[in-house]
Structure formats: C-alpha cells, structure tokens
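Structure first, commentary second.
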Amino acid sequence: MSLDNKAPVAPAPSDFIRDIVAQHVAGKKYPQIHTRFPPEPNGYLHIGHAKSICLNFGIAHEFGGICNLRMDDTNPTKEDVEYVDSITEDVNWLLSGWADRNLGLKPKGKTPETIAEEGKRDFYLEAVVPLQTPDAKSQTLEAFYASDYFDQLYDYAEQLVEKGKAYVCDLTPEETDEYRRNAKESPYRSRPVAENLDLFQRMKKGEFPDGKRSLRAKIQVDSPNVWLRDPLLYRIRHADHHHTGGKWCIYPMYDFAHCLSDYIEGITHSICTLEFEVHRPLYDWILESLNLPRPLPHQYEFARLSLGYTVMSKRKLMQLVNEKLVSGWNDPRMPTISGIRRRGVTPEALRAFAYNIGITKYNGITDVAVLEHAIREDLNKRALRRLAVLHPIKVVLTNYPEGKTEELDAINNPENPDAGTRKIPFSRELYIEQDDFKEVPPPKFFRLKPGGEVRLKYAYIIKCDEVVKDASGKIVELRCTADLDSKSGGATAARKVKGTIHWVSAAHAIDAECRLYDRLFTEAEPEKDGRDFKSVLNPHSLEVVTAKCEPSLKDARPEVRYQFERLAYFALDKDSSLAPNASRLIFNRTITLRDTWAKEAQKH
RNA sequence: UGCCCGAUGGUGUAACGGUAGCACAGCAGACUCUGAAUCUGUUUGUCAUGGUUCAAAUCCAUGUCGGGCAGCCA
C-alpha cells in the first residue's frame, strides 16, 4: 500500500481530560490507562451517553488502554435486563470498526479474585479484551457488573465498620435528611464497633424491614459538602435484583459501590459528568479509608451533552415511550442511540459529532446543526444516489412514442466513481415531484412552469405545454414535450437549462413507504422557563408517504445508505420485508439534503 | 441559604503570560445534468471592574450572570 496518497489523518482530539491522561502517560504513572463506561441499566442509551462512550473509549484507544463496559446496577428496583441487552448492543454498534479493540469485558459469571499479599487481602477482576486476547473466543464474555462485587463491597463495608469509619444508623429516611440538612449528629453515631458489626450482619440476613436501618460513613456531620455529612453506604431493600436474584436484601449506594468497583477493576481514570464533582471528596475518602494495596483510581468530570430540539433525560424519554408519544425507545425521532441508528445514522457520523463538540466543564447547548452536519457529511460520501418521487405528479410527454422504453445510465455516487453506474428506465409517462412544478412560479424559480423548460436528470429537456386539472381545480397531469435531441450525451445536450429535476417512469416505478422524520420538538429548548416539554412536541415530526421509486430500489439492503436525489438520505427500516414474494419496502428519512431554495423561497 | 463548578462571535470549542484561531450556523459569490456536494470571500467574540506584568482570554481580587449538589437514585 502506498503511503504517498494517505488519507488525511484526523488530528488527535485534545481536551483537558486527555491532557491530564497524556501527562500521566508521559510520566509513566500507570502501566496502562484504564477507563470505564458505567451506565445504569434503567433505560436506553442516548446521544449524551455516546459522548461519554467516545470519550472513555477514545482515551483507551488513543493511549493504548482498555475501557471496561460496566453495568452500574446497585438499585434493583429500577433496573432490568432489557436495558442491559440494549446497552450492550448500542455500545458494540458505536465501537465497531473503531475502538472495539479496547473494549474490556470479563468471562461470563466471573467475580473478583481474592489476592492475599503480605497479609493483606485484595480484590481484583481483570479485563479481557476480546480482540486482543488469544483465547477470548473460547470464552463467553460479558460486561462487568457492579452487582458482581456485592460480596467484596460487603467485605469492604465491614472493614470500615471495624475501623470505626462506618456505623449502623436507626434514623428514618426523613430524620436522616433533616439531621443532615441541619448538620446534626445521629444519636447512633457513636455506637460501638461490635454492635455496628452485629447490626450490619443482621441487616444482611434480612432481619429488618426496608428503611429501618442503614449503614453510614462516619465522616463529618457539619461539613460544608453535604456528601461528607455521614452519607449512606448501604440501604435495606427487600427486592430481587436482575443480576443477583434474591441473594441480597441490602444494596450499596452509588458512592460506595462506584469508587470500589473502579478500584476492583483497576481503573485509572474514572470519568463522569459534572454533577458528581461534589461527590469526589467522598469517592476519595472511601478509597483512602481502606488502605488498599494497589494504585487508586481518580475521578474527573466533564459537562454532559445538551442538544437543541430534544430532551435528554432518561425520565423524560421514558415518558415519551410510556405515553406512546413515540413508537418506542428506538423510534427514529428519539435521541437514543437505538433511535439514531434506526434512523440510518452511521456510527462513524455519531463519532465525528462527538469529536466535533469537544469536552469541557461548561454546560452549553449544542446546536443540532452540528449533528446534522456530521450526518450529512458522512452520508454524502457513502450514500448510493437513487431517483424517487415522494409527492408525485404525473407528466405525459406528448411527443414521445407510446410503448417505448429507454434504459439510461445513472451515476451511483458522484463522490465515489468506484460505486459505478446503473440503468434507469425512461418512458412517455413519468412522475415528478409536486414541488418541482409551480403554475405561478415565485422569483428565481428555475424548475418546471407553464411554457418553461427543465432538464430531467440523465434524460431530456422538457417543456410544459399544458396543465390538466380536475373539476376541483387540482392539477392532475402536466402535458409536456421533450427535446428529443437533448438526451444526456445527445446533439443539444449542452443546451443551458437552469433547472434539473428528478423523475421516475410511471410504468416502471415501484412503491415504497417513506417515513419522513423531523425534529421531535418545535423549540430548541423544550423546557425553557419551566414549560412542559410535551407542549412543544412537533406535530409534523413524522409524515408517511408512498413514494414512487426507480426499480433498482427493489434490491435495497438494510446496511446500505441511499440518497434520493435532491431530497434526502434514506435507510431501510427494520420493519421492511425483503422476501422475494412478499417484499415491502419501508424507508426512514435519515435527514434531508440542505435546501437553500427553501430558504430563498421563504424570503418571498 | 450553604458548598462546588463555570463564563471566548449566534452556537460549540482552541489559544496553557507573547499575532484571538477552528467547526457549525449566517451572509455574498463561483461552479453545478442534485438549488446537494465542492470552492472563494465575509459579518460577529475574550462577562464587569480593579490589580500584577514590558506584555493578560490566560495570573490575583471583588462583583455579575449561569449551572450543579443538599434521594435510603445514579
């Protein structure tokens, strides 16, 4: 392979977190960089998670490290395997062809190993990188689960109790809140170690009902940082867990589980969003209180993604799903990864977007145009061009012989000559787009108009002679004459005609359902000034039409992207049937082409 | 209210004491058998006030504005 003509290498991303990691790498602070992506399986992943995935896996990828996929599943009442499955699928999709070599998993069912060293006990669970580990194929691998560490976390909790750094508290949830708000010590704070140990063990055995007691860290009740005011480490929850079943009735809190899960997996850089910034002292306190033998992970925070014309929180997305305002988590209008994927966006486009928006600590709102640009740029390079008419109007070429059919050559992708050409049939009766004809044309309209000429892409220049209307005045047909010498490559082919429009031969056209998606909301900030986001749902976010398509589209494939020329990019929906005898084509409009004419037309 | 964090064109980001740059959006033009793509040009910015310095977007102080936290959620 020649290196002379190499593709431009994208500059390595740079941001404050990567700068820190780069310093650590240069200073050889860690043998290997190890990050993690830790979603809670209580909903589907969205584009905000995509930003986090691109950051965490991107760092692992750029610095030769590993990023563990970990289910952060410490709350049995909210989590479900449905979400575990969707998360796994979405992560694999986004990583494919990029950082899949840096994905850290573990053998199915494996839990941390206990390492005894110099009289010290240590818990460690090593990552297996499927594409880098020789025998990985012989093992069944799965994501890490925080719930796989419940035994070890319990052990750590007991250690804290024994050190006098944690105690069992009998305050009710309401009392605990009140005491914490008022920086007041719990009356159970100085309970003896032996009693704490006994009580904690009995909590584990299930002797107490939910909320009756809790395990609390003994830190500083009057700390200005509320997360240091003796935070809860364990709560009682008599509930089955999607991954550990009925084994436990006490569950660790996020703060306790997360830092120790990071430690157990040997994470070096634990990257999370800004709202956890105030938790960092607690993250460090727990780890430092346990005299752990291996290097401790450190937490770094960045701003989560906010995107215009959408909502991002799982709660609100779930609301849209539950109230049937969309067809499901993977509705192509949803900002979920599965919705975006179904819409036809490629992982490359999503990654380019994540790269373009950068990483900072500033909470801003990213313009959707940035996403749309990344999608168009990607699709422009890869999409196969096809002719299809979404809103047809019949055209009859009065001087073209009845029954005659020509096969015309059409270019599959002007951006990529290797994509080749195809034949499209031409005949006397055609469909063109309703928007491409105006009986009373606005200024600068260079499409078809009465007495006007337009080029049919790959075919002839035609002139509109007559507009046929029905009794109600609706246009039903345009009668035109073709300049029979003007066919592409013909005698008068070079004639200058301002407009070129797309068309399909009526007799040869095939039908396809096209789902025309638009933004889900009419406002860039659906919740601005406290308004209900559902009050600004876009009533036109989905329009379904039956399009007239050129016949080659009968061979459409789900993994291929199409551009219906002059209109938009489309991808086959999973609801399509490709069975030869029961074929049903459904296309999702991924995104429209840029339309400067629409902007121009609006001026008048 | 307390604590924490942030502030660079319309939006998002770079500049790490030494020429304020990039992307998107916008505008204007070229090209065009996609009003796409491509190409060219271009409008617009360091929150405020002091201080340190030869020199401040950058360091310091104060203020303003914005965000976060104060679940037995994560």
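What's counted below: heavy atoms across the whole structure, side chains too, no hydrogens, waters or symmetry copies. Proteins get letters first, then strands, A, B, ... in listed order; numbering begins at 1 in each.
Residue A:D262 comes nearest to A:R36 through the heavy atom pair OD1-CD, 3.1 Å, listed as atom of the first residue, atom of the second, then distance.
The side-chain hydrogen bond (donor to acceptor under 3.5 Å, both in side chains) contacts involving residues 199-209 of chain A comprise A:E158-A:Q201, A:D198-A:R202, A:R202-A:E207, where partners must be two or more places apart or lie in separate chains.
Classification of A:D222 and A:R229 as a salt-bridged pair fails, no side-chain N sitting under 4.0 Å from a carboxylate O.
For B:rA37 and B:rA23, the P atoms lie 16 Å apart once the distance is rounded to whole Å. Between B:rU52 and B:rG45, the distance separating the two P atoms is 29 Å to the nearest Å. Straight-line distance between the P atoms of B:rG12 and B:rC47: roughly 13 Å, to the nearest whole Å. Rounded to a whole angstrom, the distance from the P atom of B:rA15 to that of B:rC59 is 12 Å. A gap of 14 Å separates the P atoms of B:rU8 and B:rG66, to the nearest Å. One C1' atom belongs to B:rG35, the other to B:rG29, and the distance between them is 15 Å to the nearest Å.
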Each nucleotide N or O in nucleotides 36-40 of chain B that has a protein N or O under 3.5 Å away: list the pair and distance.
{"unit_1": "B:rA36", "atom_1": "OP1", "unit_2": "A:T596", "atom_2": "OG1", "d": "2.8"}
{"unit_1": "B:rA37", "atom_1": "O2'", "unit_2": "A:N380", "atom_2": "ND2", "d": "3.1"}
{"unit_1": "B:rA37", "atom_1": "O2'", "unit_2": "A:E415", "atom_2": "OE2", "d": "2.9"}

Polar atoms only, N or O, under 3.5 Å: list the protein pairs with nucleotides 45-48 of chain B and their distances.
none

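Side-chain atoms of A:N68 and A:E265 include a donor-acceptor pair closer than 3.5 Å.
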task = Spell out protein contact along nucleotides 67-74 of chain B as letters: B when the base is contacted, S when just the sugar-phosphate is, - when no protein heavy atom is under 4.0 Å; keep the 5' to 3' order.
result = SBSSSBSB
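With hydrogens and angles ignored, a donor-acceptor pair closer than 3.5 Å exists between the side chain of A:D19 and the base of B:rC16.
Mapping A:A459 and A:I365 onto RNA chain B by nearest heavy atom places A:I365 at the nucleotide closer to the 5' end.
Contacts between residues 299-307 of chain A and RNA chain B, counted as heavy-atom distances below 4.0 Å, involve no residue at all.
In this structure B:rG71 sits in the syn conformation; its chi angle is within 90° of 0.
With A:R18 contributing its side chain and A:A22 its backbone, the two residues share no donor-acceptor pair below 3.5 Å. Under the 3.5 Å distance criterion, the side-chain polar atoms of A:Q434 are matched with a main-chain donor or acceptor of A:P392.
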ask   = Which dot-bracket string describes RNA chain B (Watson-Crick N1-N3 plus N6-O4 or O6-N4, or G-U N1-O2 and O6-N3, all under 3.5 Å; [ ] crossing; | other strand)?
value = (((((((..((((....[..)))).(((((.......)))))....(((((..]....))))))))))))....
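Counting non-hydrogen atoms under 4.0 angstrom, A:F446 reaches a base of the nucleic acid.
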